[in-house]
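Okay, so here's the structure we're looking at.
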2 protein chains.
Amino acid sequence: MFSKTCEYAIKACIYIASQSLVQKRVGIKDIAQAIESPEAFTGKIMQVLSKNHIVDSVKGPHGGFEIPESAMKEKKLAEVVRAMDGDDIFKSCGLGLKECSGANPCPLHRQFAKIRADITKLLETTTLFDVATGLADGLTFLKR
Amino acid sequence: MFSKTCEYAIKACIYIASQSLVQKRVGIKDIAQAIESPEAFTGKIMQVLSKNHIVDSVKGPHGGFEIPESAMKEKKLAEVVRAMDGDDIFKSCGLGLKECSGANPCPLHRQFAKIRADITKLLETTTLFDVATGLADGLTFLKR
DNA sequence: TCAATAAAAGATAAAAAAGTCTTTTATTGT
DNA sequence: ACAATAAAAGACTTTTTTATCTTTTATTGA
Ligand code: FES
Ligand code: FES
């Protein structure tokens, strides 16, 4: 569904958001621990998220990453996915045809179009705030 | 969604099925041409499909692959997917947690579970016959 | 029986994804 | 100013996926 990189990115964002809810800035080590990701690789991913203005990064002592509450209420999961995996999941053919089109449909076009629309809706409507609260409340988990 | 290998496999099966509908056995070259896949790689994929009894293979002159009409009415797309990609798509967590479980749900568990169920239903209920007819009738396509 | 045909099997190769290590840059508090 | 901290940037390595090439095995029909 998503690349490993994208999975890490989504989890990292949710974790950062949940910590930002209690005014805590988190470092790469914290993140890697919280989402069970390799530390150095997580650093690379954070660079992309930071460049795409999905998270705010602060260098130096007491630095780290954060997502202001106002921002996390705006940022959709779709933005994270697009930053990491591009928009393949939103528009490409499930059987890998060069382009998905009703005019030249693959044998599963109708069914896939429905599923893709569901995925798109989920990602385009869910904000980081939406998912961060469940984590903060201990209702959902990012590892195990 | 699926690996490239799996996409080729699904398309190959659909093509073979559609040709079997008109009593035509097809070779690797035909298949590779019909689904725009690399020929040698397609051969490898056919080995797996053949070993998993998803297609029948015949060596020698006039040999090739076929799927008897009775068989294609039984074979579900899910069998093809399982043979190539395993059952990850049917059961694993969308965010990559070691296992998907309601007891230890990731923040997107409920939404993913729904989408996964839809995908599963599609793959478990659609037979090769179902999709082969659309192709045979020129309503659907495997390339472009 | 033997030449031609076509898939199976095996050994590599190339490309992409995932992951690591080292150096640089920015920030902070003393 | 400067030592310590932490992310950014860059160069690399490893693993997995995708793809190719060669050899072997089975089948056919002349
Ligand atoms: S053409 Fe394949 S999903 Fe639309
Ligand atoms: S735990 Fe993630 S989808 Fe179920």
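Keep in mind that the numbers below use all heavy atoms, side chains included, and drop hydrogens, waters and symmetry copies. Residue numbers start from 1 in every chain, and the chains themselves are labelled A, B, ... in the order their sequence lines are given, proteins ahead of strands. Please read these numbers as outputs of a predicted model, since none were measured by experiment.
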Just how far, in rounded Å, is [atom2] of [N] from [atom1] of [X]?
{"X": "A:Glu7", "N": "C:dG19", "atom1": "CD", "atom2": "P", "value": "10 Å"}
{"X": "A:Ile28", "N": "D:dA7", "atom1": "CD1", "atom2": "P", "value": "4 Å"}
{"X": "B:Met46", "N": "C:dG10", "atom1": "CE", "atom2": "P", "value": "18 Å"}
{"X": "B:Gln47", "N": "C:dA6", "atom1": "CD", "atom2": "C1'", "value": "12 Å"}
{"X": "A:Asp30", "N": "D:dT5", "atom1": "CG", "atom2": "P", "value": "15 Å"}
{"X": "A:Arg25", "N": "D:dA7", "atom1": "CZ", "atom2": "C1'", "value": "12 Å"}
{"X": "B:Glu66", "N": "C:dA6", "atom1": "CD", "atom2": "P", "value": "15 Å"}
{"X": "A:Phe65", "N": "D:dT5", "atom1": "CZ", "atom2": "P", "value": "18 Å"}

Show me the side-chain donor-acceptor pairs of residues 22-30 of chain A shorter than 3.5 Å, one per line, residues at least two apart or across chains.
{"from": "A:Arg25", "atom 1": "NE", "to": "A:Glu66", "atom 2": "OE1", "distance (Å)": "3.4"}
{"from": "A:Arg25", "atom 1": "NH1", "to": "A:His62", "atom 2": "O", "distance (Å)": "3.0"}
{"from": "A:Asp30", "atom 1": "OD2", "to": "A:Gly27", "atom 2": "N", "distance (Å)": "2.7"}

A:Ser50 vs D:dA8: side-chain N/O to OP1/OP2 distance below 4.0 Å: yes
Under 4.0 angstrom between A:Ser57 side-chain N/O and D:dA8 OP1 or OP2: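 Checking D:dA8 against A:Ser57, a side-chain N or O does come within under 4.0 Å of OP1 or OP2.
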B:Arg144 and B:Glu36 ion-paired at < 4.0 Å: yes
Presence of salt bridge, A:Lys11 and A:Glu7, under 4.0 angstrom: no
Sugar-phosphate, base or nothing in reach of A:Gly43, heavy atoms under 4.0 Å: nothing
With a 3.5 Å distance limit and no angle check, can you tell me whether [X] reaches the backbone of [Y] through a side-chain donor-acceptor pair?
{"X": "B:Thr133", "Y": "B:Asp130", "answer": "yes"}
{"X": "A:Ser20", "Y": "A:Ile67", "answer": "yes"}
{"X": "A:Thr140", "Y": "A:Leu135", "answer": "yes"}

Distance under 6.0 Å and angle within 45° of ring axis: B:Arg82 vs B:Phe90: yes
Summary of protein contacts for nucleotides 14-30 of chain D, nucleotide by nucleotide, where a base hit scores B, a sugar-phosphate-only hit scores S (4.0 Å, heavy atoms): ----SBBB---BBBB--
